[in-house]
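Worksheet: one structure, shown below.
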Amino acid sequence: MTRKISFSEAVNEAMKLAMRKDPNVILLGEDVAGGATVDHLQDDEAWGGVMGVTKGLVQEFGRERVLDTPIAEAGYMGAAVTAAATGMRPIAELMFNDFIGSCLDEVMNQGAKLRYMFGGKAKVPLTVRTMHGAGFRAAAQHSQSLYALFTHIPGLKVVVPSTPSDAKGLLLASIFDDDPVIFFEDKTLYNMKGEVDEEFYTIPLGKADIKRQGSDLTIVAIGKQVHTALKAAELLKERGIETEVVDPRTLSPLDEETILASVEKTGRLIVIDEANPRCSAATDISALVADKGFDYLDAPIKMITAPHCPVPFSPALEDLYLPTPEKVLRAAAEIIGDETIVTV
Amino acid sequence: MTIAKSQTKSITQEKAKWMYQKMNEIRQFEDKVHEIFSKGVLPGFVHLYAGEEAVAVGICAHLSEKDYITSTHRGHGHCIAKECDLNGMMSEIYGKATGLCKGKGGSMHIADVEKGMLGANGIVGGGFPLAVGAGLTAKLKKTGGVAVCFFGDGANNHGTFHEGINLAAIWKLPVIFVAENNGYAEATPFEYASSCQNIADRAAAYNIPGEIVDGKDVVAVYEAAERAIERARNGQGPTLIECKTYRNYGHFEGDAQTYKSSEEKQKHLQELDAIVRFRKHLLANGLVSEQELMHIEQNVAEAIEKAVEFAENSPFPTEEELLRDVYVSY
Ligand SMILES: Cc1ncc(C[n+]2csc(CCOP(=O)(O)OP(=O)(O)O)c2C)c(N)n1
Ligand SMILES: [Mg+2]
């Protein structure tokens, strides 16, 4: 049975179901419960994360399995890597993906490489949940979208869900996957509601989802930008253009087949990625299509990305930083060769 | 380890007035930001410094523009104590073009390098090595300056704490590490997260002096800072000062603070309040008159109102700012 819940509740539910199913699943991170050792604090008054995403987990699973950590990302991330390699199935929360600077070694040189370096004699069933995304007025060190950084590194899987229902199924798949997975949660999506199945279910990593069918233009969009694509698709429909919106859902592995098949059908590609443009998911997907789908293309590939600058604080500038449906329309007008698309 | 008590010797009347003014500026600035934020006018996150005024002011009272400070996410108080412009600060928090960082940094990144303020910081533990770098410059260029690193109790468990202090110690750099132990990192108590009774105890590991002060007694902070800064300026290397303090508001605006007990809150907000205590101290010692104190309080209130007005009437930055200052070269 499905019912409408928020993205945040869907993520919470996935963790709850995973922890019920497997006692090896533990959650660790800063204030994932909150108030450790505070006598007067009832478990139901505990924070459950800065955004309340992990609320209630400590009540059900106790502080043995829901571990508040000191502000020591290198420490707990490294510990999560080898806890995973030695029999646990940890979910480590990195509050903001921007804080990866404090524990990149543990993820990049340890977690990602153990299995390969050890000749296949280790596995690291670790899930790192982390918040990303601009638009929250959280400024340069709390707003980045760093999924490309992880996609670059062999050994890591990278998941960027765009809806509550995908978030739940993908998180459950990530937790029960035997490789380290970096799971991105856009902070501006947490309140978004959607139909989500109550039951335990998984969505395979490496399987894109076609969020809208169309024959004239393909838009591949990452995470929250799927919704920018869907809005643009509505506007384009009013102008007689049928847009296909492809949500890769996981950047590593990447479902090349679905992307290529869509471009083969439509002949045109726009990629929307709110991260910085150089060496990004946008350039990666564009390169894929240029390399393996060149013959399908009727027009140049267009990328709608952030500019090559940090995320500015001022709302006036941050709004300019992010992709918008209007920017998509402008790109569509260019590759379709019809200026009226923007002006109607 | 004993907690240093204030001896009330060294503060001149002029300095005392400056300190009282700065403490009031911080308190009133933060109360005002709290008020505006709760109306939903301000973008983003703000972390308020109210309650901890004695730390920033007691330390910065010894500094001039040639001295640098590094700060934290809770940086408004450090900025004010380092004499950053109130209008520019308020404007920055509003994201306006007239802000100290042209609206591009916001509350968590207010900076004014010319004033020696190397920025509030969104990364916990970010300040330790940054202060070491400023100390290195001071030593190599023989500026006579020092660098002060303000940090929270939560930050003292971050790896950068150890790397930074060790570096400053082996190179005998003029750096003062100032812990603002307000008992909590977000909703996590210091006692849970730290395997030490006091942050200052950790100084022993690096062979540097560690001192604990009542961080809500501005005179005690002032005197501890004097000792540490003198050591630093004499080439004797870093000191770790732990100020026991308390934040009056939540971790950020919107925090219900269920982890604090009401008795604890009451005690800190009333009888232990740093400004109330300093006021009493000034009057009891005849350093400043009641009339002068009231005059300072009123001037501060006007300055804060003006800062809000300035911010509200300022324009937002325009599009050309988006790509400016990514690099020096273009
Ligand atoms: C590297 C890093 N980890 C986590 C955070 C999230 N965070 C911001 S403030 C904070 C608590 C800091 O506590 P403390 O150092 O005691 O400073 P206080 O807020 O009490 O002034 C945390 C965990 C961060 N900003 N940077
Ligand atoms: Mg603290």
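Bear in mind that the values here come from a model prediction, so they are computed numbers and not experimental data. A, B, ... follow the sequence lines: proteins, then strands. Residue 1 opens every chain.
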Find the one option among [options] whose heavy-atom pairs under 4.5 Å with chain A are most numerous.
options: B:Glu319, B:Lys96, B:Arg324, B:Lys102; answer: B:Glu319
options: B:Gly99, B:Ala193, B:Ser194; answer: B:Ala193
options: B:Ala187, B:Ser107, B:Pro189, B:Gly103; answer: B:Ala187
options: B:Ala185, B:Gly105, B:Cys101, B:Ala97; answer: B:Gly105
options: B:Ile123, B:Val326, B:Val124, B:Asn121; answer: B:Ile123

Which atoms of B:Thr318 come close to chain A, meaning under 4.5 Å heavy atom to heavy atom: side chain ones, backbone ones, both, or neither? backbone

If one checks every heavy atom of B:Asp255 against chain A at 4.5 Å, the contacting part turns out to be side chain

Heavy-atom nearest pair, A:Ala139 first then B:His109, reads CB-CD2, 3.6 Å

Heavy-atom nearest pair, A:Phe313 first then B:Gly106, reads CD2-CA, 3.2 Å

Within the 4.5 Å heavy-atom criterion, are A:Leu317 and B:Lys104 side-chain neighbours or not? yes

Beyond-backbone contact of A:Met95 with B:Glu186, side-chain heavy atoms, under 4.5 angstrom: yes

More than 12 foreign heavy atoms under 6.0 Å from [atom1] of [X]: is that the case here?
X: B:Glu320; atom1: CD; value: yes
X: A:Glu60; atom1: CD; value: yes
X: A:His152; atom1: NE2; value: no
X: A:Asp319; atom1: CG; value: yes

Pick whichever of A:Ala140, A:Cys309, A:Ala316 has the most heavy-atom pairs under 4.5 Å with chain B. A:Cys309

Any residues in residues 156-168 of chain B near chain A, with a heavy-atom distance under 4.5 Å, and which are they? B:Asn157, B:His158

Chain B heavy atoms under 4.5 Å from A:Ala74: which part of the residue, side chain, backbone, both or neither? neither

Which word best sums up how the rings of A:Phe136 and B:Phe45 line up, parallel for under 30°, tilted for 30 to 60°, or perpendicular for over 60°? tilted

Nearest 0.5 angstrom please: A:Leu320 CG to B:Leu322 CG, how far? 6.0 Å

Short question: side chain of A:Gln141, backbone of B:Gly122 - any donor-acceptor pair under 3.5 Å? yes

Strictly distance-based, threshold 3.5 Å: is any side-chain N or O of B:Thr258 a donor or acceptor partner for the main-chain N or O of A:Glu45? yes

